[in-house]
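All chains are named by letter (A, B, ...) in the order of the sequence lines, taking the proteins before the strands, and each is independently numbered beginning at 1.
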Number of protein chains: 2
Amino acid sequence: MTVVPGSETLEPIDGRDEPRLRIGEVARETSLTARTLRYWEEIGLLRPFAHRGSGERLYSVAERERVTHIRELQDLLGLTLAEIQDVLASEDTLERARRAARADAPTPRRLRLLADALEANGRLVDRINERLARINEFRDECVERGDRMRARQLELQADQRRAARP
Amino acid sequence: MTVVPGSETLEPIDGRDEPRLRIGEVARETSLTARTLRYWEEIGLLRPFAHRGSGERLYSVAERERVTHIRELQDLLGLTLAEIQDVLASEDTLERARRAARADAPTPRRLRLLADALEANGRLVDRINERLARINEFRDECVERGDRMRARQLELQADQRRAARP
DNA sequence: GCTCGGTTTACCGTTGACGTAAACGGAAAC
DNA sequence: GTTTCCGTTTACGTCAACGGTAAACCGAGC
């Protein structure tokens, strides 16, 4: 897809003065690599805010936040990029809701978008809670094992003292 | 390593009547594949209790539990198999402590093994707590976003009512 | 003895999530 | 203007964690 040099394929919808970040900046700020950001774009997970005529990607702060969000879903919840894509579809709903708000869309439509986003958010929170519960359970097991080991330790220490001076 | 047919390379240390599980059984009970169990053995993560002369692997309940433990470390904490190997090295210390207990080893040695196992266990619990904290933080963010969305929803609903009957 | 299901070793293939190198072209700084 | 970055595309490489398959082997039941 060649573009007339100098033009932007995606002009800012609403002409606001958000800073345009180049790929290297986003990469540094998120401790990722440019390759990763391009890969995420390749699989449809992250879309830069704009492409300059030269092909250069430009991101907005919203995308940078999305990046950190993706990382959290990856590291903390262990989701695959495909699953994350699924989860983020809801986030996109929220984004559409924001656009609708700025475009003064009819209230019923905005309410529907909000409801969708809310439901998706609820599902995500449920997922997190479930995982938290499981990890807590696992933690309790580990702590309990530690307790048993400490008890045994005390027993052995008592044995030792009794053997030392009967 | 060829073995005299009919003999077991690893006779039970203490002749107890634990059931010997074949690889397929362990696989079914843990919802894994035999291939995975062999792979884990290949990288030194899981060692079957015994090899029969034919080469057939035989597992004990302890190994089956180790398998589920590994899965938890993998899924819940997102550790790599290498990291898990590291964590389990400490668990093996505990196992040596048990053997030492059964073998009536000198108390000081048993105490040292116990202390080692305790320390490793503490590190694991720390790790889990850290992860729990981070996930909790992430959860709070999500919940907060949901709250903001609900607030906006109420606003919009109020707008709607006001527009309906002014 | 024969079949049949489960197991073995051995080797190659795959998938996800990137890394790396080459060849090139604007962008920024001087 | 001219270096020097920084960025682009395209293509191939890598690493972990397995999956698949072939060919041989074992033990149980008929």
Can you find a side chain N or O atom of [X] that sits less than 4.0 Å from OP1 or OP2 on [N]?
{"X": "A:T36", "N": "C:dA17", "result": "no"}
{"X": "B:W40", "N": "D:dA17", "result": "no"}
{"X": "B:T33", "N": "D:dG19", "result": "yes"}

Rounded to the nearest angstrom, tell me the gap between atom [atom1] in [X] and atom [atom2] in [N].
{"X": "A:Y39", "N": "D:dC12", "atom1": "OH", "atom2": "P", "answer": "18 Å"}
{"X": "B:L46", "N": "D:dC18", "atom1": "CG", "atom2": "P", "answer": "12 Å"}
{"X": "A:E42", "N": "C:dA17", "atom1": "CD", "atom2": "C1'", "answer": "11 Å"}
{"X": "A:L37", "N": "D:dG7", "atom1": "CG", "atom2": "P", "answer": "10 Å"}

*Spell out, yes or no, whether A:L58 and A:V26 are grouped together once hydrophobic residues are joined by side-chain heavy atoms under 4.5 Å, including indirect joins.*
no

Under a 4.5 Å cut-off applied to non-hydrogen side-chain atoms, are [X] and [Y] in contact?
{"X": "B:V67", "Y": "B:Y59", "answer": "no"}
{"X": "B:R66", "Y": "B:E95", "answer": "no"}
{"X": "A:E63", "Y": "A:P48", "answer": "no"}
{"X": "A:T30", "Y": "A:R71", "answer": "no"}
{"X": "B:L88", "Y": "B:L73", "answer": "yes"}
{"X": "B:E155", "Y": "B:R152", "answer": "yes"}

*Would you say the side-chain atoms of A:R123 pair up with the backbone N or O of A:V87, donor to acceptor, closer than 3.5 Å?*
no

*Quick one, which residues of residues 70-84 of chain B touch DNA chain C with a heavy atom under 4.0 Å?*
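Under 4.0 Å from DNA chain C: no residue of residues 70-84 of chain B.
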
Taking only nitrogen or oxygen atoms into account, show me every contact under 3.5 Å that the protein makes with nucleotides 6-13 of chain C, one pair per line with its distance.
{"from": "C:dT7", "atom 1": "OP1", "to": "B:G24", "atom 2": "N", "distance (Å)": "3.0"}
{"from": "C:dT8", "atom 1": "OP1", "to": "B:R57", "atom 2": "N", "distance (Å)": "2.8"}
{"from": "C:dT8", "atom 1": "OP1", "to": "B:R57", "atom 2": "NH1", "distance (Å)": "2.9"}
{"from": "C:dT8", "atom 1": "OP2", "to": "B:R38", "atom 2": "NE", "distance (Å)": "3.0"}
{"from": "C:dT8", "atom 1": "OP2", "to": "B:R38", "atom 2": "NH2", "distance (Å)": "2.9"}
{"from": "C:dT8", "atom 1": "O5'", "to": "B:R57", "atom 2": "NH1", "distance (Å)": "3.3"}
{"from": "C:dT9", "atom 1": "OP2", "to": "B:R57", "atom 2": "NH1", "distance (Å)": "3.0"}
{"from": "C:dT9", "atom 1": "OP2", "to": "B:R57", "atom 2": "NH2", "distance (Å)": "2.7"}

